[in-house]
Asker: 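Before I ask anything, let me first share the structure, which is written out below as structure tokens.
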Number of protein chains: 2
Amino acid sequence: MIKIRDLQYLQAVAHYKHFSQAAEFCHVSQPTLSGQLIKLEQHLGLQLFERSRQAVLLTTAGKQLSVKAQAVLNAAIDFEQTAKELTDPLIGELHIGLIPTLAPYLLPRIMTPLKNALPNMDLFLYEKQTHALLDDLSQGKLDILILPWLENMAQFERYALFDEPLVLMAPTNHRLINQSTLVLADLRGQELLTLEDGHCLRDQAMGFCFAAGASENTQFRATSLETLRHMVISGMGLTLMPELATTGLQNGNLVAYRQFDDPKPFRNISLLIRPNFSRLASIQKVVATVKQEIA
Amino acid sequence: MIKIRDLQYLQAVAHYKHFSQAAEFCHVSQPTLSGQLIKLEQHLGLQLFERSRQAVLLTTAGKQLSVKAQAVLNAAIDFEQTAKELTDPLIGELHIGLIPTLAPYLLPRIMTPLKNALPNMDLFLYEKQTHALLDDLSQGKLDILILPWLENMAQFERYALFDEPLVLMAPTNHRLINQSTLVLADLRGQELLTLEDGHCLRDQAMGFCFAAGASENTQFRATSLETLRHMVISGMGLTLMPELATTGLQNGNLVAYRQFDDPKPFRNISLLIRPNFSRLASIQKVVATVKQEIA
DNA sequence: GATGTTGATAGGTATTATCTATACAAGCGC
DNA sequence: GCGCTTGTATAGATAATACCTATCAACATC
């Protein structure tokens with residue numbers, strides 16, 4: 001296969017019509033350039049130049065190949081130029097995956113500052129359940145996950161972002177809303193509404209509830225957090241709700257949210273990347289932005 | 001500057017997502033490929049791959065550069081392919097220059113067989129006076145000249161094609177047409193019609209005439225051989241005419257052409273190329289064709 | 001925990017691009 | 001005609017580097 005250097009020599013001679021001048025232009029000695037071009041001609045099996053003392057002429061083949069050579073060089077220059085632009089880790093695309101019980105409540109709070117922190121990056125957002133997110137991250141379809149950290153995610157590099165408390169959501173007149181203190185143990189004997197299978201929030205919330213002695217309403221399972229919220233609003237029961245999904249909402253006076261006293265149940269929202277992900281600078285920006293906005 | 005080999009390595013890994021398999025595909029050892037790609041990454045100042053045991057992933061930069069790399073490789077392949085097609089010396093362009101006192105009479109006889117002998121070449125024909133032809137040949141604007149050879153053309157490589165006699169053209173009733181023998185010396189005392197300056201035929205014909213003791217009609221000078229012919233037809237005098245310009249013509253009975261007895265005046269029609277012209281095979285075809293057709 | 005897979009590393013070798021010095025050929029000037 | 005200049009090719013040495021084999025390190029799998 002030809003070498004780009006040889007094509008540069010070819011183009012230099014095509015331009016200067018003079019070996020010595022072309023060699024100077026290429027910052028090599030004249031014999032070097034001569035020798036390499038002779039080799040190129042041998043490799044191609046044809047003559048590129050008609051050499052004479054007066055002037056170096058391009059043969060017909062030389063003229064045509066000079067055009068092709070320039071095309072190769074242009075492509076190579078384009079390659080290098082693109083590479084140069086890509087060296088800035090804060091330029092390019094960032095594909096971010098989040099879980100459905102987090103995305104709708106977190107994104108409105110971080111997207112504007114994130115775009116400000118990374119003005120030259122194109123941010124792509126994906127909302128999937130945890131297992132799908134982990135697959136996509138492994139396969140490189142995603143660059144970043146933002147989700148509650150679990151121990152089976154140890155294969156990825158983790159940046160803890162914040163702890164999100166799980167709060168009690170219940171009708172306003174419910175006993176648990178109105179008593180002076182609220183701890184997990186108060187859930188004993190209660191029946192909680194839950195999300196359908198696949199949501200990690202379901203597993204986590206149910207973990208806390210079962211540990212506290214509560215049970216699950218098996219008749220209805222919500223397909224989303226908003227469905228779940230409306231089930232509570234319509235008086236079908238109570239549930240645990242991540243705190244971000246409870247702020248800035250007006251649900252009339254039918255339901256109320258209440259924090260547990262210590263020890264609070266919570267999920268640790270973390271940012272995951274593949275351990276050898278290259279654009280760490282952009283990751284740091286994301287981590288810093290989220291921490292600052294949710295602090 | 002990047003090397004094409006490295007881009008091949010990049011593309012192989014991008015395809016196989018596996019260093020060892022990519023190395024095998026490129027017919028090099030795995031450490032070689034690994035090492036070269038590390039160097040490439042260092043040269044570019046960015047990471048192209050995320051390496052892990054499970055799978056090699058392209059970084060965002062890697063993906064974008066892989067596209068650019070393919071563009072470079074495609075251009076390089078196109079270059080080599082073009083070179084391959086150009087190795088056939090019987091393909092391409094041939095720019096042929098002829099003089100005005102030869103072209104109109106020679107070309108009709110050789111063009112068809114020439115096109116048959118070189119079916120894949122594009123023949124370009126130019127008609128200029130000798131000095132302009134020689135300049136163009138030197139500068140590479142022309143590849144071949146076909147003209148009467150003169151000693152000042154020794155700088156070029158010469159293939160003698162044929163000797164073209166110069167014949168007497170005179171009114172039918174002219175004494176020289178009708179005498180039993182005709183030699184140059186018979187021109188003594190005659191006044192000949194000539195071409196205008198710049199035509200090599202003028203210089204050659206006048207050379208013969210003056211040596212024989214003839215003189216030149218200085219009142220009229222023809223701008224072309226056809227003008228000259230019509231001057232003779234209209235009875236203005238006599239002239240020397242190259243033989244090719246006398247065949248297949250019906251000029252009524254007003255004028256006649258007559259060969260000289262030995263020693264015949266003639267001009268040697270030769271083919272000239274630059275000494276280091278590369279496509280000699282095509283030249284040989286032209287030489288052979290002309291010789292055969294004019295034999 | 002042994003084994004296999006995979007990419008990186010180490011050290012040596014072979015290739016080759018490059019250099020300097022010089023030869024060679026062709027014009028130019030005296 | 002004889003140096004002198006110009007311009008390219010050749011020769012021989014050197015330096016850069018692409019490449020190899022052998023091995024390591026990390027991880028996965030059984």
Side-chain angles (χ1 to χ4, degrees), chain A residues 1-10 12-43 47-59 62 134 138 140 152-157 274-278, chain B residues 1-10 12-43 47-59 62 134 138 140 152-157 274-278:
Chain A
M1 177 61 78
I2 51 170
K3 279 174 243 117
I4 286 185
R5 199 86 236 267
D6 293 341
L7 300 186
Q8 291 177 319
Y9 294 158
L10 164 60
V13 174
H15 178 246
Y16 287 102
K17 309 252 190 282
H18 194 288
F19 277 60
S20 301
Q21 289 172 27
E24 188 180 8
F25 174 78
C26 294
H27 303 107
V28 293
S29 68
Q30 169 266 315
T32 294
L33 181 133
S34 280
Q36 291 306 108
L37 285 177
I38 289 172
K39 279 187 202 165
L40 178 62
E41 285 180 322
Q42 288 170 347
H43 168 71
Q47 224 177 312
L48 299 172
F49 310 104
E50 285 180 33
R51 293 139 165 103
S52 73
R53 307 329 126 179
Q54 302 88 300
V56 176
L57 288 177
L58 286 178
T59 61
L134 294 173
S138 289
N152 63 4
M153 300 173 183
Q155 53 184 318
F156 298 110
E157 195 168 308
R274 289 180 298 279
N276 31 27
F277 185 68
S278 57
Chain B
M1 177 63 76
I2 50 171
K3 278 172 244 121
I4 286 183
R5 200 84 234 269
D6 293 341
L7 299 186
Q8 291 176 318
Y9 294 157
L10 164 60
V13 174
H15 179 247
Y16 287 102
K17 309 254 190 280
H18 193 289
F19 276 61
S20 301
Q21 287 172 28
E24 188 180 8
F25 174 78
C26 294
H27 302 106
V28 294
S29 67
Q30 169 265 315
T32 295
L33 182 134
S34 279
Q36 290 306 108
L37 285 177
I38 288 172
K39 278 188 205 166
L40 178 63
E41 286 180 320
Q42 288 170 347
H43 169 71
Q47 224 176 311
L48 299 172
F49 311 104
E50 284 178 34
R51 294 140 165 101
S52 72
R53 310 324 130 179
Q54 303 87 303
V56 176
L57 287 176
L58 287 178
T59 61
L134 294 174
S138 289
N152 63 5
M153 300 173 183
Q155 52 183 317
F156 297 110
E157 195 168 307
R274 288 180 298 277
N276 31 28
F277 185 68
S278 55

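Keep in mind that this is a model prediction, so the values were computed, not measured. Sequence lines set the chain letters: A, B, ... in the order given, protein chains first and strands last, and positions in each chain run from 1.
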Asker: Specify the residues of residues 15-26 of chain B, ordered by number, for which at least one heavy atom lies under 4.0 angstrom from an atom of DNA chain D.
Answerer: none
Asker: Could you state the CD-C1' distance from A:Gln30 to D:dT8, rounded to the nearest angstrom?
Answerer: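 Checked: the CD to C1' distance equals 5 Å.
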Asker: Could you give the CG-to-P distance, from B:Leu58 to C:dG7, as a whole number of Å?
Answerer: 13 Å
Asker: Listed by chain and number, what are the side-chain contact (heavy atoms from CB on, under 4.5 Å) partners of B:His18, not counting sequence neighbours?
Answerer: B:Tyr16, B:Ser20, B:Gln21
Asker: My understanding is that only residues two or more places apart in sequence, or in another chain, count here; which of them pass side-chain contact (heavy atoms from CB on, under 4.5 Å) with B:Glu24?
Answerer: none
Asker: Output the rounded distance in Å from NE2 (B:His43) to P (D:dA16).
Answerer: 18 Å
Asker: Tell me, please, which residues at least two apart from A:Arg5 pass side chain to side chain donor-acceptor pair (under 3.5 Å).
Answerer: A:Gln8, A:Tyr9
Asker: Provide, to the nearest angstrom, the distance between the CG atom belonging to B:Leu37 and the C1' atom belonging to D:dC19.
Answerer: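 Answer to the nearest Å: 14 Å.
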Asker: Under the side-chain contact (heavy atoms from CB on, under 4.5 Å) test, which residues partner B:His43, sequence neighbours left out?
Answerer: A:Glu80, B:Ile2
Asker: Tell me yes or no: between the side chains of B:Gln30 and B:Ser34, is some donor less than 3.5 Å from an acceptor?
Answerer: yes
Asker: Distance check needed: C:dT9 P versus B:Leu33 CG, whole Å only.
Answerer: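 Whole-Å distance recorded here is 14 Å.
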Asker: How would nucleotides 13-18 of chain C be written as a contact map, 5' to 3', with B for base contact, S for sugar-phosphate-only contact and - for no contact, using protein heavy atoms under 4.0 Å?
Answerer: ----SB
Asker: Taking all non-hydrogen atoms of both residues into account, name the closest pair between A:Ser138 and B:Leu57 and its distance.
Answerer: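 Taking every non-hydrogen atom into account, O-CD1, 3.3 Å.
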Asker: Quick one: B:Ile38 CD1 to C:dA10 C1', roughly how many Å, whole number?
Answerer: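 Taking atom C1' of C:dA10 as the reference, CD1 of B:Ile38 is at 13 Å.
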Asker: Taking CG from B:Leu40 and P from D:dC19, how many angstroms apart are they, rounded to a whole number?
Answerer: 13 Å
Asker: Of all the heavy-atom pairs spanning B:Ala12 and B:Cys26, show the shortest one and how long it is.
Answerer: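 So the two residues come closest at CB-SG, 3.6 Å.
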Asker: With respect to B:Phe49, which candidate in B:Leu58, B:Ile38, B:Thr59 satisfies the side-chain contact (heavy atoms from CB on, under 4.5 Å) definition?
Answerer: B:Leu58
Asker: Measure CG/B:Leu48 against C1'/C:dA8 and give the value in whole Å, please.
Answerer: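 Whole-Å distance recorded here is 16 Å.
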Asker: With a 4.0 Å limit, can you tell me whether B:Ser34 has a side-chain N or O closer than that to the phosphate oxygens OP1/OP2 of C:dG7?
Answerer: no
Asker: Minimum heavy-atom separation for B:Leu37 and B:Asp6, please, with both atom names.
Answerer: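 Shortest heavy-atom contact: CD2-O, 4.0 Å.
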